[in-house]
*Asks:* 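Dropping the structure in here first, questions after.
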Amino acid sequence: MRALTILILTELLAACGVVGSPVPPEYVGVAPTVEKQKKQHALQTEREAVDPGTPDLSLDGHDIGLPPSQPVGTR
């Protein structure tokens with residue numbers, strides 16, 4: 001029984017760790033994410049400038065009937 005417990009614990013300890021290849025620090029963090037988002041935003045604005053015929057999907061002209069924001073009870 002003791003040997004089985006030692007075998008299981010050894011297997012569990014061997015399984016702990018990082019799986020996969022290491023990631024270089026240039027690709028981790030906030031700065032690379034911000035740069036990638038800026039590139040995507042620039043590409044998106046280029047596409048919109050080339051093809052302005054896409055419909056506007058904003059909800060500026062639509063009226064949405066919401067209930068009044070009044071308190072429902074008192075404390």
*Asks:* Would you please name every residue forming a side chain to side chain contact (heavy atoms under 4.5 Å, CB included) with Ile8, sequence neighbours left out?
*Replies:* Leu4, Leu12
*Asks:* Does Leu9 have any side chain to side chain contact (heavy atoms under 4.5 Å, CB included) partners at least two apart in sequence or in another chain, and if so, which?
*Replies:* Thr5
*Asks:* Mind checking side chain to side chain contact (heavy atoms under 4.5 Å, CB included) for Pro24 and listing every partner two or more places apart, or none if nothing turns up?
*Replies:* Glu26, Tyr27
